[in-house]
Amino acid sequence: MSSITDKSILIIGLGLIGGSIARGLKQANPNQAIAGIDKNTETIALAMNEGVIDQTGELDALCMGSDIVILALPPKTTIETIPHIAACTGPETVVTDVSSVKSAIIESVNKLDQSFAKRFIAGHPIAGSEQSGYEASTDNLFYHRSVIITPQLNNDPGAVSLINALWRQLGSFVLGMDFKHHDTVLAATSHLPHLLAYAAVDVLANQEQSKDIFRYAAGGFADFSRLASSNAKMWADIFTSNSKATLKILDAYVDNLQRMKTFIRQKDHDQLMAVFVEAKQVRDSFLKLHLKNESLLPIELENTQLSVEPGARITGSLRVPGDKSISHRAIILAAIAEGVTQVQGFLEAEDTLHTVAAFRELGVTIIGPENGNLIIFGVGKKGLKAPRFPLYLGNSGTTMRLLVGLLSAQEFPVELIGDESLNDRPMGRVVEPLRSMGAMIETAENDRAPISIKGSPLLGISYDMPIASAQVKSCLLLAGLYAEGKTSITAPAPCRDHTERMLKGFGYPVIVDNSKSQVTVSAGGSLCAFDIDVPADISSAAFFMVAALICPGSTLTLEHVAVNPTRIGIINILNAMGGDIRLINEREVAGEPVADIGVKYKPLVGIEIPRDQIPLAIDEFPAIFIAAAYAKGNTVLRGASELRLKESDRIEAMANGLDILGIDNEVFEDGIRITGGSLDGGYVDSQGDHRIAMAFIIAGLRAKAPVIVANCANIATSFPSFVQVAQAMGIKVTQSLENEH
Ligand code: S3P
């Protein structure tokens with residue numbers, strides 16, 4: 001369904017956008033069948049002459065013979081034309097538009113027959129300019145530009161993939177968005193500036209000395225007024241079609257101008273300066289982030305440090321953000337499922353957003369995330385597309401390890417790269433067993449990323465993992481979905497099982513033998529979309545559990561937390577240290593055990609950490625070490641050399657910080673001994689590891705003086721709202737740029 005090259009395409013309206021779509025498609029594939037219609041007969045003749053379109057003719061006949069119809073018309077004309085297109089296209093024809101407003105279009109489509117509504121996929125390329133008309137069209141107008149599509153739940157996922165593939169063919173980045181959200185965002189980012197440009201030119205044109213003004217109006221005025229050269233009919237259409245959202249932002253703007261007027265009248269230099277300084281900062285950082293998002297490439301963000309003052313009582317209720325492991329898997333499995341998956345509670349953090357961006361580049365249409373909600377239009381197991389450049393996965397080990405498995409089995413090549421820390425983490429643990437399945441993978445020295453994958457047929461294996469790693473298991477399960485025969489993975493001890501639980505939720509046959517910690521899958525099945533509610537992440541909750549345990553007078557309820565038995569090592573360990581942590585209201589949500597967790601202050605004692613708890617608490621040791629630092633006596637951890645291979649060497653990084661805070665400890669190759677005591681203040685380096693950073697902020701809660709933690713920007717990889725959440729819980733933590741220290 002979603003290959004463009006063999007489709008016949010009709011473009012109605014050969015202006016800047018319609019003409020550029022035709023040119024771009026022909027440029028990518030000279031054999032692409034394109035018909036065109038325009039009210040201007042000269043334009044049609046020119047387009048035929050230039051070979052930009054192959055044919056023209058009667059609207060009804062052309063509609064009937066086309067696989068895709070593109071309405072490249074102003075919004076009002078689009079709305080007027082839609083009923084006719086619905087009537088004259090066949091039941092398989094997919095129809096799309098390019099207009100800058102979406103609610104009015106979708107409302108008009110939804111009034112028509114459902115069989116048409118399901119094959120109308122609304123779109124909007126963010127690539128126009130003040131120029132208009134066929135003469136201004138180019139073959140690269142959409143290259144590396146964003147295109148928003150606003151598919152509906154009732155849309156046919158195959159039609160969504162086809163429109164996604166159309167824009168991909170033109171070199172665009174396809175973003176999914178809710179149509180109402182689109183109109184609010186565009187009212188602010190596009191419609192308002194156009195209105196201001198028209199208004200500014202209008203004001204100046206009506207001044208008595210207007211000729212003189214325009215004579216000197218180069219520079220700023222030329223920059224600012226450029227948009228007033230845009231197509232008048234189209235913009236009149238846009239403002240009347242998106243009046244509600246535009247009026248709202250216009251009101252805010254008018255209020256702001258009134259405020260500025262007052263400052264100017266009062267000659268209030270300071271107030272004006274304050275507004276300008278803030279606006280400049282916002283715009284400068286926007287430009288950086290904008291570049292980052294568009295290029296999928298790393299950018300150096302200025303690093304932050306956090307400082308915490310001692311003294312807090314952690315009381316009340318708190319829901320921390322969604323589980324990172326489950327969020328990653330929701331995207332991955334929904335992408336290769338048949339049908340549309342809705343996700344709520346999704347973790348909006350850098351690691352999981354890298355997974356979203358990677359799947360967008362693999363040709364999957366994803367709406368959101370917005371307030372934790374996402375809609376994923378699955379492309380099926382065979383529907384992923386070759387990415388156009390290396391997939392940059394930031395700091396996210398889970399994304400990289402799981403994707404190596406999934407992508408080894410595809411029919412296209414791909415390269416995976418990460419940030420400095422990720423490019424230094426061992427990938428041999430996934431690459432080796434995959435190679436034994438027939439995967440064609442090359443790595444940098446020492447089995448590190450960047451990783452190049454050719455894509456090849458795979459054979460199932462029976463694999464005994466040397467370490468209890470959920471990432472390795474999940475990677476091989478994903479490869480096993482495509483491999484000939486059975487793929488069976490046995491772990492030396494239980495480790496997190498979200499992949500197998502979610503596969504079952506998607507209706508995929510998985511055989512689990514808990515007595516052997518063994519999971520088996522075969523190719524041949526398919527995944528069927530189902531809705532996922534992502535519970536809160538116990539790994540993020542861990543910091544507040546420890547905070548409540550060490551701060552006298554604390555009573556905390558952590559709400560709706562994922563308490564999968566393969567993740568509750570932290571609770572078992574802290575309770576073994578004398579903690580008071582209880583599961584309340586245990587329930588099951590979308591195949592995962594969930595509960596509220598009650599935590600009360602309780603003096604802790606050191607213990608020897610049971611080895612079987614290590615895989616079940618693998619990410620929580622930074623927080624557990626802080627509990628140990630406040631516990632009476634020795635806490636000893638052995639058999640945990642895996643901790644040296646996380647985002648940092650967590651044994652070394654924690655030991656260094658504990659040394660600085662005056663806590664006696666002894667480092668072993670595979671663990672640490674920590675002797676509890678009272679903590680000094682000090683300046684600790686998190687080494688760019690999110691969990692080390694958050695752990696030392698909690699450490700500061702009962703220290704004798706403030707604790708300052710350097711290198712904290714990466715907290716955004718798993719818990720971007722950590723500082724705000726901590727402040728709301730009464731923790732005196734502040735954030736500043738590193739160079740302000
Ligand atoms: C994860 C598994 C764990 C964990 C990581 C997330 C997952 O890694 O440390 O943060 O989502 O599968 P290992 O499986 O390598 O222990």
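In each ligand, atom 1 is the first atom listed, and ligand 1 is the first ligand listed. Please read all numbers here as calculations on a predicted model, not as lab measurements.
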Margin query: Does either side chain, that of S396 or that of H354, offer a donor lying less than 3.5 Å from an acceptor on the other one?
Written below: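 Not at all, the side chains of S396 and H354 share no donor-acceptor pair under 3.5 Å.
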For each nitrogen or oxygen atom of ligand 1, which protein N/O atoms lie closer than 3.5 Å, and how far apart are they, rounded to 0.1 Å?
residue: ligand 1; atom: 8 (O); partner: K646; partner atom: NZ; Å: 3.2
residue: ligand 1; atom: 9 (O); partner: D619; partner atom: OD1; Å: 2.5
residue: ligand 1; atom: 9 (O); partner: D619; partner atom: OD2; Å: 3.4
residue: ligand 1; atom: 9 (O); partner: K646; partner atom: NZ; Å: 2.6
residue: ligand 1; atom: 10 (O); partner: D619; partner atom: OD1; Å: 3.3
residue: ligand 1; atom: 10 (O); partner: D619; partner atom: OD2; Å: 2.7
residue: ligand 1; atom: 11 (O); partner: S325; partner atom: OG; Å: 2.6
residue: ligand 1; atom: 11 (O); partner: R329; partner atom: NH1; Å: 2.8
residue: ligand 1; atom: 11 (O); partner: R329; partner atom: NH2; Å: 3.4
residue: ligand 1; atom: 12 (O); partner: R329; partner atom: NH2; Å: 2.6
residue: ligand 1; atom: 14 (O); partner: S469; partner atom: OG; Å: 3.0
residue: ligand 1; atom: 14 (O); partner: A470; partner atom: N; Å: 2.7
residue: ligand 1; atom: 14 (O); partner: Q471; partner atom: N; Å: 2.9
residue: ligand 1; atom: 15 (O); partner: S469; partner atom: OG; Å: 3.1
residue: ligand 1; atom: 16 (O); partner: K646; partner atom: NZ; Å: 3.4

Check: Does atom CZ of R587 have more than 12 heavy-atom neighbours, drawn from other residues, nucleotides or ligands, at distances under 6.0 Å?
Finding: yes
Next item on the list: Determine whether more than 12 heavy atoms belonging to other residues, nucleotides or ligands lie under 6.0 Å from atom CD of Q727.
Entry: yes
Would you call [X]-[Y] a salt bridge at under 4.0 Å N-O?
X: K646; Y: D689; result: no
X: R329; Y: E592; result: no
X: D464; Y: K516; result: no

